[in-house]
4 protein chains.
Amino acid sequence: MDQAAKNQPEASTDNGSKREITKLQNRQAILEAAAEVFAEVGVGAASIREIVRRTDLASGTFYNYFTSKEDVFQALLDESALSMRPELKAERLAATSIESFIEGCFRVFFDYLVSDQAMFAVLRRNSGALRVRMHTPQMLVAFEELEEDIERAIGQGLLPDIDTDFLTSALIGVAFEVGDRLLRRQSPDPREAARFATALTLGGVKALPLKKTSVAKT
Amino acid sequence: MDQAAKNQPEASTDNGSKREITKLQNRQAILEAAAEVFAEVGVGAASIREIVRRTDLASGTFYNYFTSKEDVFQALLDESALSMRPELKAERLAATSIESFIEGCFRVFFDYLVSDQAMFAVLRRNSGALRVRMHTPQMLVAFEELEEDIERAIGQGLLPDIDTDFLTSALIGVAFEVGDRLLRRQSPDPREAARFATALTLGGVKALPLKKTSVAKT
Amino acid sequence: MDQAAKNQPEASTDNGSKREITKLQNRQAILEAAAEVFAEVGVGAASIREIVRRTDLASGTFYNYFTSKEDVFQALLDESALSMRPELKAERLAATSIESFIEGCFRVFFDYLVSDQAMFAVLRRNSGALRVRMHTPQMLVAFEELEEDIERAIGQGLLPDIDTDFLTSALIGVAFEVGDRLLRRQSPDPREAARFATALTLGGVKALPLKKTSVAKT
Amino acid sequence: MDQAAKNQPEASTDNGSKREITKLQNRQAILEAAAEVFAEVGVGAASIREIVRRTDLASGTFYNYFTSKEDVFQALLDESALSMRPELKAERLAATSIESFIEGCFRVFFDYLVSDQAMFAVLRRNSGALRVRMHTPQMLVAFEELEEDIERAIGQGLLPDIDTDFLTSALIGVAFEVGDRLLRRQSPDPREAARFATALTLGGVKALPLKKTSVAKT
DNA sequence: CATGAATGAGGGTTCATTCAT
DNA sequence: CATGAATGAACCCTCATTCAT
């Protein structure tokens with residue numbers, strides 16, 4: 001939501017007025033509380049009341065900022081996942097080989113996970129018997145662009161003519177699950193994870209290098 | 001309760017009496033309705049009332065069979081996923097090489113997905129902006145056994161000394177995402193998917209064979 | 001479940017047949033379970049389900065014996081309190097003085113309490129902040145007869161012309177509360193309690209004898 | 001919550017604003033409805049819904065004021081019975097003899113009953129076969145203090161060394177039952193009742209004065 | 001008669017949402 | 001804008017009672 005767009009007639013100080021600051025703080029408070037609740041009970045079971053309860057705000061105030069919990073959730077996704085897009089694109093442009101290209105994608109993704117663990121917790125609930133993963137639209141879009149790149153690489157003969165559908169899915173799957181494991185380590189190393197994922201998918205298990213360093217596991 | 005009194009002619013209370021049949025039918029009706037609701041709105045947002053509503057039972061009847069929606073959900077998992085376990089074990093025992101072993105695992109999993117798509121729909125919700133994946137405990141157990149096997153293979157020098165943590169995660173990720181894609185195809189071929197996943201993870205992208213047949217995509 | 005018994009329409013053996021015995025046992029089981037439940041949560045909050053649950057019987061069976069929880073409760077009162085009536089009357093007839101008469105009444109009442117503590121527990125609930133006392137109709141009737149006797153004694157000049165209304169109430173109150181205390185003692189002595197209550201009401205505090213023996217208190 | 005922002009003209013949030021008035025009225029409405037229901041069916045059988053139904057409030061509103069029916073009940077007790085405590089204490093301090101002391105206690109209690117009959121109705125249900133009495137914690141505490149005073153009097157030789165346990169119980173019993181009778185009279189006279197109860201317990205039946213006035217009875 | 005599953009009314013409680021202050 | 005009480009729908013669950021077996 002572009003706050004700037006709200007420019008109303010008579011020059012309401014839109015920049016640093018105390019009012020505007022409070023508004024941003026309130027909005028942020030709701031977003032953070034919502035992230036907590038979503039992470040704890042899932043979006044489906046979350047309630048607006050519970051979100052507001054973890055805030056200093058009154059229940060009615062919620063509706064000055066959002067219209068529903070889905071609305072907050074979308075805002076959370078937008079704020080968080082969108083930030084990954086430009087870097088992915090940059091990585092793609094900078095890549096000089098298929099290896100560096102794929103490894104770059106993995107790395108951006110893992111960096112993003114590690115730097116925004118709080119947000120990822122929302123997408124990664126362990127409730128009772130279940131582990132839940134959510135693919136945000138942004139992620140899907142990112143990986144769709146990857147798919148296009150792969151198809152281009154195949155067209156240019158850089159890659160064998162494989163099932164791109166399956167391949168993209170497999171890459172996403174590897175990214176998510178390895179990313180999840182990564183987050184549970186005590187000192188997560190996105191670079192190492194990216195190297196692993198790239199080596200696995202490009203070279204296969206048999207070509208994977210020997211482990212040199214022991215890694216902390218949960 | 002006088003047990004002796006049950007001595008009536010042809011076999012007593014437990015097998016084919018009308019009562020017992022009705023009970024099984026009711027239980028099944030609840031399970032099916034629950035699978036529907038879970039698939040539509042997720043376990044978190046599902047309500048017992050909604051489940052019962054899709055049944056011709058009275059609301060209170062639900063509690064003659066289950067104690068909560070989580071209980072139904074667990075029953076769904078048990079009924080469905082548990083059936084995969086014996087086959088996984090058989091596959092493991094029959095394997096003569098690391099290739100056949102891993103491919104066997106993938107195949108059992110994909111077969112299971114295809115043969116029980118309804119159940120998998122519960123675990124695979126596309127609601128609004130999200131795609132949700134659930135890892136059932138059974139699946140985790142299955143893949144944990146796989147992890148042990150991998151570690152044993154490493155110990156015997158059959159595989160390089162890689163990060164088994166990451167590897168297992170990656171295998172699970174591939175299985176899930178490729179499985180998901182598989183289910184969206186018009187004539188899903190579990191065998192082909194298993195071959196793909198095995199080749200990818202064992203041999204890497206570069207060693208993947210050329211596609212021979214074009215496959216219908218969604 | 002005595003299935004066999006169904007076969008005999010005419011000439012149901014009414015005395016010692018297995019059927020009749022079972023019926024009595026069932027009835028008794030319900031009464032005892034009900035006494036328990038009433039004692040724990042009170043008649044108002046008690047539920048038939050809970051009563052039946054403490055029984056080996058099926059829920060429907062309850063209705064072969066009683067029609068409601070109030071019905072069971074009435075049966076409990078009848079069984080228990082009615083037994084006190086004849087003794088009270090006997091005591092009254094045997095009394096040769098006002099002292100022996102009042103003391104006799106108290107003693108019958110306290111004897112009854114001690115010998116039937118389980119029943120009295122029903123009438124004496126301690127739930128949360130409350131101590132509840134119930135006056136059964138039988139008790140009221142018993143004390144109303146007492147009132148008549150007192151009025152007669154006044155008419156004959158054996159007692160001063162006091163407020164019989166208040167006096168009867170006071171006697172009932174003393175009986176109930178002293179009885180309650182009595183029941184909480186480790187070795188309750190109805191005779192001592194009766195002596196105390198009689199001395200108090202007839203002679204007043206100042207005329208009460210010195211305590212000779214120390215009494216166990218809760 | 002910005003407290004400063006509330007600085008509007010005539011006094012802020014806590015005293016006479018329309019909101020605050022309504023809140024008090026609603027709370028009172030619930031309390032009164034609850035007293036009615038409790039008096040009719042008892043606390044155990046009372047339902048929150050029935051309480052709210054006798055109010056023009058919505059069902060959910062109840063929970064803005066209380067958390068359970070027990071909570072309302074406790075509020076009723078607190079509002080009502082606690083008010084008796086200070087007067088009891090005053091009476092005790094002012095007493096110059098054992099007679100005036102005990103009579104004072106009785107009088108405060110009877111005054112309280114008469115002046116708050118509605119509240120006492122809650123504690124005094126006649127439903128079907130039963131008459132129920134409740135001893136609130138406040139009353140028990142009040143009488144326990146009395147017990148201490150009695151023990152002190154015995155220590156000082158002002159009273160014979162009697163069973164204080166029984167004596168306190170007896171006093172409570174007399175207070176309750178005589179109080180109950182008192183309330184059913186058309187023009188209840190707490191002073192007369194207190195005199196009667198004191199004379200009975202201190203002097204015994206035989207020492208009771210002759211009745212001078214006939215009293216209306218129910 | 002005993003059984004125990006089915007029924008649906010009803011009670012407890014939470015919730016999203018509104019709106020006077 | 002913020003507040004937070006009121007609202008009533010809807011949820012969870014238990015219950016009394018019936019009735020086919």
Side-chain angles (χ1 to χ4, degrees), chain A residues 19-20 22-23 26 46-53 55-65 67-69, chain B residues 1-2 5-6 8 12-13 17-23 26-27 46-53 55-65 67-69, chain C residues 1-7 12 19-20 22-23 26 46-53 55-65 67-69, chain D residues 1-3 5-6 8 12-13 17-23 26-27 45-53 55-65 67-69:
Chain A
R19 182 70 159 266
E20 295 303 318
T22 305
K23 275 172 59 179
N26 285 350
S47 76
I48 293 180
R49 266 176 111 85
E50 183 56 34
I51 293 171
V52 175
R53 215 174 276 139
T55 274
D56 278 345
L57 303 172
S59 57
T61 307
F62 178 90
Y63 295 92
N64 292 331
Y65 295 94
T67 65
S68 64
K69 70 178 174 185
Chain B
M1 272 186 258
D2 199 352
K6 277 183 185 166
Q8 275 136 3
S12 55
T13 54
S17 78
K18 200 175 289 178
R19 280 284 271 275
E20 297 303 319
I21 291 176
T22 307
K23 272 173 64 176
N26 286 348
R27 192 189 139 90
S47 79
I48 292 179
R49 285 260 237 274
E50 181 57 32
I51 293 172
V52 178
R53 215 173 278 136
T55 274
D56 48 3
L57 301 173
S59 62
T61 305
F62 176 90
Y63 296 92
N64 289 337
Y65 295 93
T67 64
S68 64
K69 68 180 175 185
Chain C
M1 278 185 268
D2 201 347
Q3 298 309 94
K6 268 185 190 167
N7 302 341
S12 80
R19 181 67 158 266
E20 296 303 318
T22 306
K23 276 171 60 178
N26 286 350
S47 76
I48 292 180
R49 267 177 110 84
E50 183 56 32
I51 293 171
V52 175
R53 213 174 277 139
T55 275
D56 279 344
L57 303 172
S59 57
T61 307
F62 178 90
Y63 296 91
N64 291 330
Y65 295 94
T67 65
S68 65
K69 69 179 175 185
Chain D
M1 270 185 261
D2 199 351
Q3 295 308 100
K6 280 182 185 166
Q8 273 136 3
S12 56
T13 55
S17 78
K18 200 175 288 179
R19 282 284 271 274
E20 297 304 319
I21 291 175
T22 308
K23 273 173 63 177
N26 286 347
R27 192 188 139 91
S47 80
I48 291 180
R49 276 183 122 91
E50 181 57 31
I51 293 172
V52 177
R53 216 172 277 137
T55 274
D56 48 3
L57 301 173
S59 61
T61 305
F62 177 90
Y63 296 92
N64 289 336
Y65 295 93
T67 66
S68 63
K69 68 179 175 186

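Chain letters run A, B, ... following the sequence lines, proteins first and then strands; every chain starts at 1. Below, all heavy atoms of this structure are taken into account, side chains as well, without hydrogens, waters or symmetry copies. Quick caveat: nothing in here was measured; it's all calculated off a predicted structure.
Secondary structure note: stems in DNA chain E built from 3 or more consecutive Watson-Crick or G-U wobble pairs under 3.5 Å occupy E:2-21 with F:2-21.
Along DNA chain E, the nucleotide nearest to A/Ile48 and the one nearest to B/Tyr65 differ in position, and the one closer to the 5' end is contacted by B/Tyr65. Heavy-atom nearest nucleotides on DNA chain F were determined for D/Thr22 and for B/Ser47, and the one closer to the 5' end corresponds to D/Thr22. If you find the closest nucleotide of DNA chain E to B/Lys23 and to D/Lys69, the one lying nearer the 5' end belongs to B/Lys23. If D/Asn26 and B/Glu50 are placed on DNA chain F by their nearest nucleotide, the residue sitting closer to the 5' end is D/Asn26.
A distance of 6.5 Å separates OG of C/Ser68 from CD1 of C/Ile48, quoted to the nearest 0.5 Å. A distance of 10.5 Å separates CZ of B/Arg27 from CZ of B/Phe62, quoted to the nearest 0.5 Å. Rounding to the nearest 0.5 Å gives a distance of 8.0 Å between OG of B/Ser59 and OH of B/Tyr63. Here the CD1-NZ distance, from D/Ile21 to D/Lys23, works out to 12.5 Å after rounding to the nearest 0.5 Å.
D/Thr61 has its side chain within reach of D/Tyr65: a pair of non-hydrogen atoms, C-beta onward, lies under 4.5 Å apart.
Spacing between atom CD1 of D/Ile51 and atom C1' of E/dG12 amounts to 12 Å, rounded to whole angstrom units. Note: CG (B/Asn64) to C1' (E/dT3) measures 14 Å, nearest angstrom. Summarising the geometry, the separation between CD on C/Glu20 and C1' on E/dC1 is reported as 11 Å, rounded to the nearest angstrom. Residue D/Phe62 contributes atom CZ, which lies 17 Å from atom P of F/dG8 at whole-angstrom precision. Atom CZ of B/Arg49 and atom P of E/dG10 are 13 Å apart (whole Å).
Nearest nucleotide to the B/Leu57 side chain, out of F/dA6, E/dT7, E/dT3: E/dT7. Nearest to the side chain of C/Ala58, among E/dG4, E/dG12, E/dA5, sits E/dG4.
The side chain of A/Arg53 places no N or O atom within less than 4.0 Å of a non-bridging phosphate oxygen (OP1 or OP2) of F/dG4. Here B/Thr61 reaches the OP1 or OP2 of E/dT7: one of its side-chain N or O atoms lies under 4.0 Å away.
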Could you list the protein-to-nucleotides 18-21 of chain E atom pairs, N/O on both sides, closer than 3.5 Å?
{"residue": "E/dT21", "atom": "OP1", "partner": "D/Lys18", "partner atom": "NZ", "Å": "3.2"}

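B/Thr55 meets the side chain to side chain contact (heavy atoms under 4.5 Å, CB included) test with B/Ala29, B/Ala33, B/Leu57; sequence neighbours excluded. Residues forming a salt bridge (Lys or Arg N to Asp or Glu O under 4.0 Å) with A/Arg49 (at least two apart in sequence, or on another chain): none.
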